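Everything below concerns the one structure shown next.
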Amino acid sequence: MAICRVESCNLGKMEDLSNSDGNYDLGYQPSPSFVDQNDQSIPETPGYSTLSGESFVYGRTCSETSAFSDPIDDHSCCSEASTSHWPPTRSMAQNQAVLSRLGTKQQGNEDEKQLDYLESLELELEMMKDRFAKLLLGEDMSGSGKGVCTAVTISNAITNLYATVFGQNLRLEPLNPEKKALWKREMDCLLSVCDYIVEFTSKSQNLSNGTALEVMKSRPRSDIYVNLPALRKLDAMLIEILDSFEDREFWYAEDGSVSSNSSRTGSFRRVVKRNDEKWWVPVPCVPPCGLSEKARKHLRHKRDCANQIHKAAMAINSGVLAEMEIPDSYVASLPKSGRASIGESIYRFMLGTEKFCPDYLLDCLSVASEHEALELADSVEASMYTWRRKACIKHSKPSWGMVKELMSDVDISDKNHILAERAESLLFALKQRYPELSQTSLDTCKIQHNRDVGQAILESYSRVLEGLAFNIVAWIEDVFFVDRAVTRQE
């Protein structure tokens, strides 16, 4: 009531002030609860105008009541002042009550968001506990002791995760956001184990009195320190390649279900016929006039990138497999004669020539299928280790882990040593010629009997990235195949 009398008595003075200054300041200080928690400015609404950081004027609009105000009685003491051009004002208590309710509502929304965030963190924590429990129990949650070792479990986990995320992705298109988040979250969880695989090195430390001490310091194991960041980089590059095909000129048709009347999908199916086409693989389609030069350049660039990633992942995988210990079960299954393992013709070619050329030998063999290539790789690899074992036979029953060290002491003119070296070069050339070759019997045996968790992570991670890179190259080649066929028809 006192505020209204002051306004009524000093109406003339305020009109004079309004001529010199268009802003009317009641000296009102906003409630602390009204201040935005993020220090953001309050948006302008009808009936509300911001003057400064410390004061504001509140008034009604001509057509409706502001959401921040309550109806004012026409018989109130402020009705006299409202007959003038000045907007009616509310009491300090009313403003404080409204602003307090607004602050309470904002605080409630923030509390609800914080609660949802904490619930999501708790759910993610429970999922992580479940994952690590499976790793520790060797995929045997019953606790009966029938699980496998941790290294095999984590290798299977990475392989199964890859199949879940990329197993149904057979096209050049961005990965589903949910699957992309699943891949990143689960891989971060599985790769976090490597943070605790360390090695100790000696380090010199000087005390305050000048005494020099040699202390042990932990650091990431060298193979993990070198290979894991590289694999993460290759992973990000492959995801980026898939994301680059969001806007593309080609599309896909499912299982030849294209309509002959369709101008987008029915043209090339009458021309493009692939004998090795599988019914579940989507067929790429291109415009009737073929792809533009810009699209071809983009495809070539991404194919070259994916091809380099494939080679890098394959090199890491081969290096990790080479460092794994050879299981005793594989050594026991080796043939007594490497000559009988690879066959008479290959043996004579490897031993009879002074300068061995593995590519020429592969051309003469004329390997027709991947199955034949895998059989040849198994026999050559078995012969190689048989000859290496014979080259080291002068040592009294050495352990198989010492073979690499003993080979340095073997006479290079020894026949078994020469045959082992040539078998190794033949196996390398075979894998280079058939990059899609499956794992050999030795590689499979190493993975199944491996006990090193770090090596299991590096091997499985590089293997799945190698497969994804190879698939991307194959999908791009399919698009080029269709484009060449359509362009040739035109």
Side-chain angles (χ1 to χ4, degrees), residues 161-184 187 231-314 370 434-436 464-490:
L161 176 62
Y162 171 79
T164 302
V165 176
F166 298 97
Q168 300 299 324
N169 186 28
L170 303 175
R171 309 181 182 192
L172 288 172
E173 60 184 7
L175 194 64
N176 185 284
E178 296 180 358
K179 290 188 175 181
K180 186 187 299 185
L182 173 65
W183 172 257
K184 185 178 184 304
M187 284 304 300
L231 291 174
R232 282 185 173 273
K233 181 63 175 179
L234 297 179
D235 186 358
M237 293 173 66
L238 289 174
I239 298 296
E240 183 181 356
I241 290 176
L242 291 177
D243 291 340
S244 66
F245 290 101
E246 183 175 3
D247 297 327
R248 58 184 188 268
E249 295 183 4
F250 57 91
W251 62 97
Y252 287 90
E254 296 287 350
D255 188 25
S257 59
V258 295
S259 173
S260 59
N261 298 326
S262 175
S263 60
R264 282 180 57 88
T265 59
S267 59
F268 79 93
R269 278 297 246 178
R270 296 188 297 271
V271 179
V272 180
K273 296 181 180 180
R274 293 177 294 179
N275 296 327
D276 60 339
E277 185 178 13
K278 299 179 180 180
W279 64 269
W280 64 84
V281 178
V283 181
C285 310
V286 298
C289 58
L291 298 174
S292 64
E293 188 58 33
K294 180 180 179 181
R296 293 192 185 102
K297 183 178 180 181
H298 177 260
L299 284 170
R300 284 192 293 267
H301 175 65
K302 296 305 177 182
R303 180 189 58 186
D304 295 340
C305 292
N307 194 24
Q308 294 298 322
I309 294 174
H310 175 262
K311 291 181 179 180
M314 185 169 61
E370 179 183 350
Y434 301 96
E436 71 279 6
V464 297
L465 294 182
E466 176 185 342
L468 179 58
F470 178 82
N471 289 338
I472 291 178
V473 174
W475 297 337
I476 295 177
E477 291 293 346
D478 287 343
V479 177
F480 276 129
F481 178 83
V482 176
D483 179 61
R484 286 192 299 267
V486 173
T487 305
R488 198 177 303 118
Q489 181 189 20
E490 292 295 327

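As the structure is a prediction and not an experimental result, all values here were calculated from the model.
- The minimum heavy-atom distance linking Leu291 with Ala295 is given by the pair CB-CB, 4.2 Å.
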Could you list the donor-acceptor pairs under 3.5 angstrom formed by side chains in residues 299-306, with sequence neighbours left out?
{"unit_1": "Arg300", "atom_1": "NH2", "unit_2": "Glu293", "atom_2": "OE2", "d": "3.1"}
{"unit_1": "Arg303", "atom_1": "NH1", "unit_2": "Glu477", "atom_2": "OE2", "d": "3.2"}

N/O donor to acceptor pairs below 3.5 angstrom from side-chain atoms of residues 240-248, sequence neighbours left out:
{"unit_1": "Asp243", "atom_1": "OD1", "unit_2": "Lys180", "atom_2": "NZ", "d": "3.3"}
{"unit_1": "Asp243", "atom_1": "OD2", "unit_2": "Lys180", "atom_2": "NZ", "d": "3.2"}
{"unit_1": "Ser244", "atom_1": "OG", "unit_2": "Ile241", "atom_2": "O", "d": "2.5"}
{"unit_1": "Arg248", "atom_1": "NE", "unit_2": "Phe250", "atom_2": "O", "d": "3.3"}
{"unit_1": "Arg248", "atom_1": "NH1", "unit_2": "Leu172", "atom_2": "O", "d": "3.4"}
{"unit_1": "Arg248", "atom_1": "NH1", "unit_2": "Phe245", "atom_2": "O", "d": "3.1"}

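- Shortest non-hydrogen contact noted between Asn169 and Trp475 is O-CH2, 3.0 Å.
- Considering only residues two or more places apart in sequence or on other chains, Asp483 meets the salt bridge (charged side-chain N to carboxylate O under 4.0 Å, His left out) condition with Arg296.
- One finds the CD1 atom of Ile476 at 9.5 Å from the CG atom of Asn307 (value rounded to the nearest 0.5 Å).
- Taking Tyr162 as the reference, Phe166 meet the ring pair (Phe, Tyr, Trp, His ring centres under 6.0 Å) condition, with sequence neighbours excluded.
- Gln308 pairs by the side chain to side chain donor-acceptor pair (under 3.5 Å) definition with nothing, not counting sequence neighbours.
- Judged by distance alone, with hydrogens and angles left aside, the side-chain atoms of Glu249 form a donor-acceptor pair with the main-chain N or O of Ser292 at under 3.5 Å.
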Original post:
side chain to side chain contact (heavy atoms under 4.5 Å, CB included) between Tyr252 and Val479: does it pass, once the steps are laid out?
Top reply: CA-CA 10 Å; Tyr252 287 90; Val479 177; 4.3 Å; yes

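- A donor-acceptor pair under 3.5 Å links the side-chain atoms of Asn471 to the main chain of Gly467, judged by distance alone.
- Side-chain contact between Leu465 and Ile309 is absent, with no heavy-atom pair separated by less than 4.5 Å.
- The salt bridge (charged side-chain N to carboxylate O under 4.0 Å, His left out) test applied to Lys184 returns Asp188, not counting sequence neighbours.
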